[in-house]
Structure formats: C-alpha cells, structure tokens
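The next block holds one structure in the form of structure tokens; read it before the comments.
Quick note: numbers below take in every heavy atom, side chains included, and nothing from hydrogens, waters or symmetry partners.
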Amino acid sequence: MDPANPDITISDVVISTAGRDTGKWFYVIDEDQTYLCLANGKDRPLDKLKRKKRKHVQKVLRSETRVAEKIRSGNKVLNGELRRDLAFLARENASK
C-alpha cells in the first residue's frame with residue numbers, strides 16, 4: 001500500500017493528479033495494494049475501468065451518497081448515476 005494514500009478505499013471519490021486525465025474526478029470501484037480501478041461514467045465507464053496507481057490520485061472525500069452505498073454493497077450502478085453524482089460533488093466542492 002502506498003504510504004502517501006493508505007486510506008483510499010472502495011467508493012471514495014478521488015482526483016487524478018497525473019496523466020492525461022489530471023484533474024478529473026472518479027469513484028474508486030476496486031482496489032489492491034498498488035492499483036485502484038476508477039470510473040466516472042463518461043470517459044471511463046464501468047465496463048472500461050481506469051487502472052491507476054495509488055500515488056497518482058488524491059482523495060477528495062469519503063462519499064456518503066446513494067451511489068457510494070451501491071458501490072460498497074456490490075449493487076448495480078449505472079454510468080449515468082456516476083456522472084450525475086460526480087458532477088454534483090465537483091460543483092459543491094468548487095463553491096466552498
């Protein structure tokens with residue numbers, strides 16, 4: 001596990017800090033010790049997850065939305081739900 005981001009877990013919201021997707025928001029769908037599998041419903045839908053090293057993302061928040069609960073419980077999540085939720089969280093965070 002990366003010492004810089006040891007607390008990132010499934011259903012957290014992260015921002016990419018490296019690569020061509022720098023600055024984009026993602027939900028963590030799956031994880032292992034080195035890599036996270038990310039989706040945002042638009043550029044990276046659930047059937048084409050982005051595999052990214054932990055050190056190349058920054059945790060934004062532990063989301064307590066309905067979508068995050070569905071991800072944690074393993075229920076089916078739609079790409080549209082991811083897009084709407086991330087857009088709402090990004091707008092809310094930008095206004096702070």
Side-chain angles (χ1 to χ4, degrees):
M1 201 169 280
D2 181 30
N5 290 323
D7 58 341
I8 296 177
T9 60
I10 292 175
S11 82
D12 284 349
V13 176
V14 297
I15 294 179
S16 173
T17 59
R20 68 178 68 184
D21 57 4
T22 300
K24 291 188 180 179
W25 291 53
F26 295 94
Y27 264 110
V28 177
I29 305 300
D30 198 9
E31 66 173 336
D32 64 23
Q33 283 189 318
T34 308
Y35 291 96
L36 300 170
C37 291
L38 309 173
N40 65 4
K42 185 178 180 181
D43 307 326
R44 287 298 175 166
L46 289 163
D47 60 344
K48 190 179 170 189
L49 297 175
K50 173 68 179 165
R51 194 167 153 244
K52 200 158 188 79
K53 287 190 176 183
R54 288 177 177 269
K55 66 182 179 179
H56 294 149
V57 299
Q58 176 186 359
K59 182 177 177 178
V60 178
L61 56 101
R62 173 98 180 141
S63 183
E64 297 302 329
T65 63
R66 186 173 58 93
V67 174
E69 181 57 39
K70 287 172 83 172
I71 293 169
R72 277 193 295 276
S73 66
N75 292 338
K76 183 174 176 147
V77 180
L78 302 175
N79 288 315
E81 291 176 312
L82 289 177
R83 283 193 305 270
R84 276 191 302 277
D85 209 35
L86 289 172
F88 173 76
L89 292 170
R91 278 193 309 271
E92 187 178 88
N93 199 18
S95 66
K96 289 183 181 178

- [ ] Would you check, one step at a time, whether the test side-chain contact (heavy atoms from CB on, under 4.5 Å) holds for Glu81 with Arg66?
- [x] CA-CA 9 Å; Glu81 291 176 312; Arg66 186 173 58 93; 3.7 Å; yes
Open item on the list: Less than 4.5 Å apart, side chain to side chain, heavy atoms only: is that true for Val14 and Ile8?
Closed with: yes
Open item on the list: Minimum heavy-atom separation for Leu82 and Gly41, please, with both atom names.
Closed with: CD1-N, 4.0 Å
Open item on the list: So Arg44 and Leu38, do their side chains get closer than 4.5 Å, heavy atoms only?
Closed with: no
Task: Donor-acceptor under 3.5 Å (Arg51 side chain, Cys37 main chain) - done: no
Task: pair Val28-Asp30: side-chain heavy atoms closer than 4.5 Å - done: no
TODO: Mind listing the closest non-hydrogen atom pair of Lys70 and Lys76 along with its distance?
DONE: CE-O, 3.0 Å
TODO: Evaluate the side-chain proximity of Arg54 to Gln33: yes if any heavy-atom separation is below 4.5 Å, no if none is.
DONE: no
TODO: Measure from the side-chain N and O atoms of Asp12 to the backbone N and O of Thr9, and report whether any donor-acceptor pair falls under 3.5 Å.
DONE: yes
Open item on the list: Count I, L, V, M, F, W, Y as connected when their side-chain heavy atoms are under 4.5 Å apart, and connections chain through other members. Are Tyr35 and Leu49 then in the same cluster?
Closed with: no
Task: Distance (rounded to the nearest 0.5 Å) between Asn93 CG and Trp25 CH2 - done: 4.0 Å
TODO: Look up atom CD1 in Ile10 and atom CD1 in Ile71, then write down how far apart they are to the nearest 0.5 Å.
DONE: 9.0 Å
Open item on the list: Ignoring hydrogens, what is the shortest heavy-atom contact between Arg72 and Ser11? Give both atom names and the distance.
Closed with: NH1-OG, 2.6 Å
Open item on the list: Tell me whether Asn79 contacts the main-chain N or O of Asn40 through its side chain, where contact means a donor paired with an acceptor under 3.5 Å.
Closed with: no
Open item on the list: As an exercise, state the distance from CG of Leu86 to CZ of Arg91, rounded to the nearest 0.5 Å.
Closed with: 11.0 Å
Open item on the list: So Lys52 and Asp21, do their side chains get closer than 4.5 Å, heavy atoms only?
Closed with: yes
TODO: Could you tell me which non-hydrogen atom of Ala18 sits nearest to which non-hydrogen atom of Ser16, and how far apart they are?
DONE: O-OG, 3.1 Å
Open item on the list: With side chain to side chain contact (heavy atoms under 4.5 Å, CB included) as the test, pick out the partner of Val67 among Val77, Leu89, Asn75.
Closed with: Val77
Open item on the list: Would a single hydrophobic cluster contain both Val60 and Phe88, if residues Ile, Leu, Val, Met, Phe, Trp and Tyr are joined by side-chain heavy-atom contacts under 4.5 Å?
Closed with: yes
- [ ] List the atom of Val57, the atom of Thr17, and the distance in Å for their closest heavy-atom pair.
- [x] N-OG1, 3.6 Å
